[in-house]
Participant: 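Sharing a structure with you now.
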Amino acid sequence: GGLRDTVFDVDNEKERAAWEIAGSSDWKTDGDVTNGFSFEGTDEGSLDYALDRCLDAFYNDREWFRSLQKRDMLQDWSWNKPALEYEELYFKCIGQ
């Protein structure tokens, strides 16, 4: 749960993002759906590295950064789809 399920690193998680978000096994064909800058550790250096990459993109590649923002805003992270999936599972379980 948490950030691991919702943030897919722009540099390191293209394949995982394609699978988790789009159900695709080929991000090169289906497009990049990564949405942020993640970090592995729980220390100051790990967070600092992610923030440095984000700020670098913002200041040095503003066009790419704006495309990342747009891509993020188009992704649906609401509970609408999971709620429907849980509802379908419930009805399967009770035999309807």
Side-chain angles (χ1 to χ4, degrees):
L3 293 176
R4 172 111 174 109
D5 291 342
T6 56
V7 178
F8 301 92
D9 191 87
V10 296
D11 293 323
N12 304 308
E13 297 182 318
K14 288 178 174 47
E15 291 86 7
R16 188 172 78 84
W19 178 253
E20 295 288 338
I21 295 174
S24 170
S25 59
D26 186 4
W27 71 269
K28 292 178 183 176
T29 300
D30 297 327
D32 184 3
V33 291
T34 55
N35 60 5
F37 300 86
S38 63
F39 53 97
E40 291 292 322
T42 57
D43 58 286
E44 178 183 338
S46 296
L47 175 60
D48 190 50
Y49 178 62
L51 290 173
D52 284 346
R53 292 184 300 132
C54 180
L55 291 171
D56 181 64
F58 178 78
Y59 286 111
N60 296 312
D61 196 350
R62 190 71 54 99
E63 184 178 334
W64 177 86
F65 192 84
R66 294 291 185 216
S67 73
L68 173 65
Q69 287 178 309
K70 183 177 180 179
R71 184 167 67 231
D72 290 350
M73 289 186 283
L74 292 172
Q75 293 177 354
D76 179 10
W77 293 101
S78 71
W79 277 95
N80 295 335
K81 184 179 177 190
L84 288 173
E85 291 171 354
Y86 281 122
E87 188 176 353
E88 289 174 10
L89 178 61
Y90 171 77
F91 285 118
K92 280 184 181 178
C93 288
I94 63 169
Q96 291 185 349

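Quick note: numbers below take in every heavy atom, side chains included, and nothing from hydrogens, waters or symmetry partners.
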Participant: Which heavy atom of Pro82 sits nearest a heavy atom of Ser78, and at what distance?
Facilitator: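 Scanning both residues completely, I find the closest heavy atoms to be CD-O, 3.7 Å.
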Participant: Hey, could you give me the CG/NZ distance between Asp26 and Lys14, rounded to the nearest 0.5 Å?
Facilitator: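 So the CG of Asp26 and the NZ of Lys14 are separated by 13.5 Å.
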Participant: For the pair Arg4 and Glu20, find out whether any cationic side-chain nitrogen is under 4.0 Å from an anionic carboxylate oxygen.
Facilitator: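 The answer is no: the pair does not qualify as a salt bridge.
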Participant: Got a sec: does the OH of Tyr49 have more than 12 other heavy atoms crowding it under 6.0 Å?
Facilitator: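 No.
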Participant: Are Phe65 and Tyr59 connected, step by step, through hydrophobic side chains (Ile, Leu, Val, Met, Phe, Trp, Tyr) whose heavy atoms are closer than 4.5 Å?
Facilitator: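 Yes, one cluster joins them.
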Participant: For Tyr86, is the OH atom crowded, meaning more than 12 foreign heavy atoms sit under 6.0 Å from it?
Facilitator: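 Result for OH/Tyr86: open.
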Participant: Roughly how far apart are Leu84 CG and Leu89 CG, rounded to 0.5 Å?
Facilitator: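 Atom-to-atom, Leu84:CG and Leu89:CG are 12.5 Å apart.
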Participant: Could you give the distance from CG (Asp72) to OG1 (Thr34), rounded to the nearest 0.5 Å?
Facilitator: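 Interatomic distance, Asp72 CG to Thr34 OG1, rounded to 0.5 Å: 8.0 Å.
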Participant: Output yes when a side-chain donor or acceptor of Arg53 lies under 3.5 Å from a complementary backbone atom of Ser38, and no otherwise.
Facilitator: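 Looks like yes, one N/O pair under 3.5 Å.
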Participant: Rounded to the nearest 0.5 Å, what's the gap from CD on Glu88 to SG on Cys93? Could you check?
Facilitator: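 Atom-to-atom, Glu88:CD and Cys93:SG are 12.0 Å apart.
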Participant: For the side chain of Gln75 and the backbone of Val33, is there at least one donor-acceptor N/O pair under 3.5 Å apart?
Facilitator: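 Checked: pair present.
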Participant: Could you walk me through whether Phe37 and Leu68 satisfy the side chain to side chain contact (heavy atoms under 4.5 Å, CB included) test, starting with their C-alpha distance in whole Å, then the side-chain angles of each, then the deciding distance to 0.1 Å, before giving a yes or no?
Facilitator: CA-CA 11 Å; Phe37 300 86; Leu68 173 65; 3.8 Å; yes
Participant: Between Trp64 and Val10, does the side chain to side chain contact (heavy atoms under 4.5 Å, CB included) criterion hold? Intermediate values first, please.
Facilitator: CA-CA 11 Å; Trp64 177 86; Val10 296; 3.9 Å; yes
Participant: To the nearest 0.5 Å, what is the distance between CG on Asp48 and CG on Leu55?
Facilitator: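 Interatomic distance, Asp48 CG to Leu55 CG, rounded to 0.5 Å: 9.0 Å.
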Participant: For a side chain to side chain contact (heavy atoms under 4.5 Å, CB included) check, start with the C-alpha distance between Val7 and Phe39, then their side-chain angles and the critical distance, and finish with the verdict.
Facilitator: CA-CA 10 Å; Val7 178; Phe39 53 97; over 6 Å; no
Participant: Using modelled atom types and a 3.5 Å cut-off, is there a donor and acceptor pairing between side-chain atoms of Asn35 and backbone atoms of Arg71?
Facilitator: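 No, the answer is negative, given that no donor and acceptor are paired below the 3.5 Å cut-off.
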Participant: Counting only heavy atoms not in Glu40, do more than 12 fall under 6.0 Å of its CD?
Facilitator: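 12 or below, so no.
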Participant: How many angstroms lie between atom CH2 of Trp27 and atom CG of Asp32, to the nearest 0.5 angstrom?
Facilitator: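 Spacing of CH2 (Trp27) from CG (Asp32) equals 6.0 Å.
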